[in-house]
Protein chains: 2
Amino acid sequence: MPPTSEILTAERILEATEEVLRRHGPAKATVVDVARALGVSHGSVYRHFRTKAALREAVTKRWLDRTSESLAGIAADASRDPRQRLGDWLAALFEAKRRKAGDDPELFATYMVLTDENGGAVAEHITDLTGQLTRIVRAGVDAGVFTVADPAATARALFQATGRFHDPGYHREWELPGVEDEFDAVVGLLLRGLGV
Amino acid sequence: MPPTSEILTAERILEATEEVLRRHGPAKATVVDVARALGVSHGSVYRHFRTKAALREAVTKRWLDRTSESLAGIAADASRDPRQRLGDWLAALFEAKRRKAGDDPELFATYMVLTDENGGAVAEHITDLTGQLTRIVRAGVDAGVFTVADPAATARALFQATGRFHDPGYHREWELPGVEDEFDAVVGLLLRGLGV
DNA sequence: CAGCTGACAGATATCAATATCTGTCAGCTG
DNA sequence: CAGCTGACAGATATTGATATCTGTCAGCTG
């Protein structure tokens with residue numbers, strides 16, 4: 001009895017896993033659930049992902065990559081001046097994370113569990129994001145608007161100094177009144193620090 | 001059978017509670033344990049603290065206050081110029097937290113549980129610290145070394161931007177090689193942003 | 001014969017019965 | 001009689017017996 005006659009792909013498994021995680025939450029989502037959602041035996045899932053942990057890591061990576069990709073456009077937009085590009089990029093990062101946390105708190109909590117499990121995927125994500133920041137900073141140095149010795153180190157510092165506005169650990173504070181002003185105060189100070 | 005003939009005070013209970021927390025950890029430390037350590041019945045403990053939660057909050061406050069007090073000296077030291085005072089204060093805060101986390105990881109984990117339980121005490125602690133920072137910033141403005149519109153808002157921004165180097169949630173990263181440089185990069189950027 | 005199934009062993013989670021703890025208070029004691 | 005005790009009821013945690021899940025693999029099927 002094949003309910004879906006399509007062939008089973010890693011992609012289809014990832015989609016089904018996201019759905020199961022959304023429905024059951026991270027604690028109760030099992031490989032058997034994923035297999036049932038796809039109308040196959042759980043043995044078939046193990047044909048595409050060696051372990052449950054590997055499956056969850058792949059889901060985590062996909063989720064993180066979606067954010068990175070949405071920011072890459074701003075980082076690469078050479079039509080804006082670097083100072084404004086930097087401000088826009090940081091604001092867009094904040095806004096993206098805040099929307100994810102605010103729009104569907106349960107799903108966000110699920111992904112917080114997943115990111116805790118998968119330090120490796122998170123590290124890659126952070127490397128990716130600081131890479132984008134480095135490109136903006138370097139553009140600013142080349143344009144003569146930023147005075148900075150080591151663009152990569154400065155990019156890391158910028159990322160870390162704004163952690164309160166993108167690190168999921170702070171998500172509760174993103175809905176408090178005044179966060180916008182706090183964000184502006186921190187970013188303002190940092191932009192001034194980049195030199196004229 | 002009175003093992004200690006001294007009268008029972010809130011202070012003695014707090015000391016015993018710290019010891020029990022150190023020994024048993026936050027999950028297993030009970031009021032009965034505290035009473036046993038003092039050689040009294042647990043009813044006597046409830047004569048000084050209305051609930052177990054109130055007792056744990058008092059222990060938490062004491063612990064946080066010890067850090068605040070150690071920094072107050074630097075904040076008040078008018079003999080150093082504000083720029084250096086600010087750098088020293090932030091470095092001392094980082095160093096204090098890092099030592100607490102590194103010297104006795106288990107005890108630190110215990111206090112992380114306690115601070116999670118007692119958001120109120122933590123909020124007071126943060127108000128206290130940003131107050132100290134505000135005084136330094138204001139001194140800098142008065143001395144003409146900082147160009148800042150709202151010292152209190154700037155103090156909050158400085159505190160938040162350096163969160164990675166004092167927020168217990170980041171304690172794992174405080175032992176990584178290169179944190180010192182990261183700290184210097186962030187603080188350097190912020191100090192530059194305060195204006196000449 | 002490539003891809004899938006389902007029975008299986010060991011690991012992990014669930015659940016209900018039992019034990020311990022929290023918070024109260026009437027009464028003891030020095 | 002101020003301060004403490006210890007028995008108690010209800011709430012919370014622990015335990016161990018049971019059920020479910022993970023990961024494997026020999027063999028089925030189209």
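Lettering follows sequence order; numbering is per chain, from 1.
Residues Leu8(B) and Ala27(B) each lie close to DNA chain D; by heavy-atom proximity, the contact nearer the 5' end of the strand is made by Leu8(B).
A salt bridge links Arg98(A) and Glu180(A); the closest N-O separation between the charged side-chain nitrogens and carboxylate oxygens is under 4.0 Å. Taking the charged nitrogens against the carboxylate oxygens, Asp103(B) and Arg99(B) do have a contact shorter than 4.0 Å, which makes a salt bridge. Using a 4.0 Å cut-off between charged side-chain N and carboxylate O, Glu106(A) and Arg22(A) make no salt bridge. A salt bridge links Arg36(B) with Asp33(B): at least one charged nitrogen is closer than 4.0 Å to a carboxylate oxygen.
The nearest whole Å value for the distance from the CG atom in Asp33(B) to the P atom in dA13(D) is 14 Å. If you measure from atom CG of Leu38(A) to atom P of dG3(C), you get 17 Å, rounded to the nearest angstrom. The interatomic distance linking Arg36(A) (CZ) with dT22(D) (P) rounds to 11 Å, in whole Å. Residue His24(A) contributes atom NE2, which lies 14 Å from atom P of dT20(D) at whole-angstrom precision. When rounded to the nearest whole Å, the span between NZ of Lys52(B) and P of dG10(D) equals 21 Å. Taking atom CD1 of residue Ile7(A) and atom P of nucleotide dC4(C), one finds them 8 Å apart after rounding to whole Å. dA19(D) atom P lies 18 Å from atom NZ of Lys28(A), rounded to whole Å.
Pairing for dA11(C) goes to dT20(D), judged as Watson-Crick or G-U wobble with the two contacts each under 3.5 Å. Pairing for dC25(D) goes to dG6(C), judged as Watson-Crick or G-U wobble with the two contacts each under 3.5 Å. When both distances must be under 3.5 Å, the Watson-Crick or G-U wobble mate of dC1(D) is dG30(C).
Considering every non-hydrogen atom in both Ala155(B) and Thr134(B), the closest pair reads CB-OG1, 3.3 Å. Taking each heavy atom of Thr17(A) and Leu55(A) in turn, the nearest pair found is OG1-CD1, 3.5 Å.
Across residues 41-51 of chain A, Ser41(A), His42(A), Gly43(A), Ser44(A), Arg47(A) each have a non-hydrogen atom less than 4.0 Å from an atom of DNA chain C (numbered order).
A distance-only check finds a donor-acceptor pair linking the side chain of Arg85(B) to the backbone of Asp77(B) [under 3.5 Å].
As judged by a 4.0 angstrom heavy-atom cut-off over every strand, Val31(B) is placed among residues touching the sugar-phosphate backbone only.
Relative to the side chain of Val40(B), the nucleotides dC21(D), dT5(D), dT14(D) differ in distance, and dT5(D) lies closest.
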